[in-house]
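A quick write-up on the structure given underneath.
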Amino acid sequence: MPVSRRAVLFGVPATAAGVAAPGLLSSASAQTPHQSPIDIHTFHAVNSPALPALHVHYPSALDLSVRYESKDGGQTGGCETRTAEETVLSEIPAGAAWVTVGGVRYDLANFHFHTRSEHRLNGRQFPLEQHFVHLGPNGEKLVVALFITTGGAGGTLQDKVLATVPEECDEDVHIPHANLASALPRDLSTYRYEGSLTTAPYSEPVSWLVLNHHRQILPASLSHFQTRFPDGDSRAVQPLNGRTVKYRPQHN
């Protein structure tokens, strides 16, 4: 039986991976929900240095277009109504940025933000969480999640995007020559688990790589984003349901 990408990412035994590989999931095998986000308890995470490293191939100069992702803009009053399904998103041109894990390439499709953070770390909820959504050769979803706090000096990609987020139903904001290569920290240690999308249709499976290292931004950048979502745009924590979280140290 060939080893699935899930087995490579999470160190799942080949027999189990064959049963639960994305292309082989059935209604019977998906009865136990494996939803996201979760509360990651670091002392329960299994240290797994043998898991494949995360290699990031993001460009240092890329023209970005940032938009408010509205779910009700075409409805009466929709442009003034905020929902947890909405966010601020930047779609990435096909083939412009990608990561590789275990020799498999996952192209970056978009990045977006949630406030407050969707995942928690030992019960702690952060002011903001950024999701980098990637697609594999057969449409497999891999999301790299980054916790964001205040206290930075400014000048990060996150500062530039968050300080200029458009209002719902406004025109897209263009950021020329954005340094996407600096978007992730040098320390790429991750907590890995299998979950789902955090917005409808909450589909499974999604491979989650939650970065241990955080990004700091200016308080004004955070405040500007949060004015768009005064009630937040994050999903509640979901039950672990027997899943194992693995920690892959990667101190570059």
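Quick note: numbers below take in every heavy atom, side chains included, and nothing from hydrogens, waters or symmetry partners. Everything numeric here is computed off the predicted structure, so don't read it as measured data.
For residues 34-44, the set of pairs meeting the salt bridge (charged side-chain N to carboxylate O under 4.0 Å, His left out) definition, not counting sequence neighbours, is empty. Among residue pairs with one or both ends in residues 88-97, those qualifying as salt bridge (charged side-chain N to carboxylate O under 4.0 Å, His left out) are Arg67-Glu91; sequence neighbours excluded.
In this model, no donor atom of one side chain and acceptor atom of the other lie less than 3.5 Å apart for Ser60 and Asn179. Looking at Ser36 and Tyr193, their side chains do bring a donor and an acceptor atom within 3.5 Å of each other. In this model, a donor atom of one side chain and an acceptor atom of the other lie less than 3.5 Å apart for Thr42 and Asn122. With 3.5 Å as the limit, one finds a donor-acceptor pair spanning the side chains of Gln35 and Arg235.
Residues passing the ring-ring contact (aromatic ring centres under 6.0 Å, His included) test with His57 are Trp98, sequence neighbours excluded. Take Asp107 and apply the salt bridge (Lys or Arg N to Asp or Glu O under 4.0 Å) test, not counting sequence neighbours, and it matches Arg105. A search for side-chain hydrogen bond (donor to acceptor under 3.5 Å, both in side chains) contacts involving His44 returns nothing, not counting sequence neighbours. Thr244 pairs by the side-chain contact (heavy atoms from CB on, under 4.5 Å) definition with Val46, Lys246, not counting sequence neighbours. Looking at residues two or more places apart in sequence or on another chain, you find a ring-ring contact (aromatic ring centres under 6.0 Å, His included) between Tyr191 and Tyr247. Not counting sequence neighbours, Thr150 has no partner by the side-chain hydrogen bond (donor to acceptor under 3.5 Å, both in side chains) test. Every residue two or more places apart in sequence or in another chain that forms a side-chain hydrogen bond (donor to acceptor under 3.5 Å, both in side chains) with Gln130 is listed here: Gln158. Applying the side-chain hydrogen bond (donor to acceptor under 3.5 Å, both in side chains) criterion to Gln125, with sequence neighbours excluded, gives Arg120. Partners of His131 under the ring-ring contact (aromatic ring centres under 6.0 Å, His included) rule, at least two apart in sequence or in another chain, are His112, His114, Trp208. For Ser90, the side-chain contact (heavy atoms from CB on, under 4.5 Å) partners at least two apart in sequence or on another chain are Leu64, Val66, Ile92, Phe111.
Between Val101 and the choices Val144, Leu54, Thr190, the side-chain contact (heavy atoms from CB on, under 4.5 Å) rule is met once, by Leu54.
Residues Thr198 and Glu118 approach most closely at OG1-OE1, 2.7 Å, considering heavy atoms. Nearest approach of Thr227 to Pro230, heavy atoms of both residues: O-CD, 3.7 Å. Ser65 approaches His174 most closely through the heavy-atom pair OG-CE1, 3.6 Å. Heavy atoms only, all atoms of each residue included: Ile217 and Ser221 are closest at CD1-CB, 4.1 Å. For Leu211 against Phe147, the heavy-atom pair with the smallest separation is O-CD1, 3.9 Å.
Listed for the His251 side chain is no donor-acceptor partner under 3.5 Å among the backbone atoms of Pro249.
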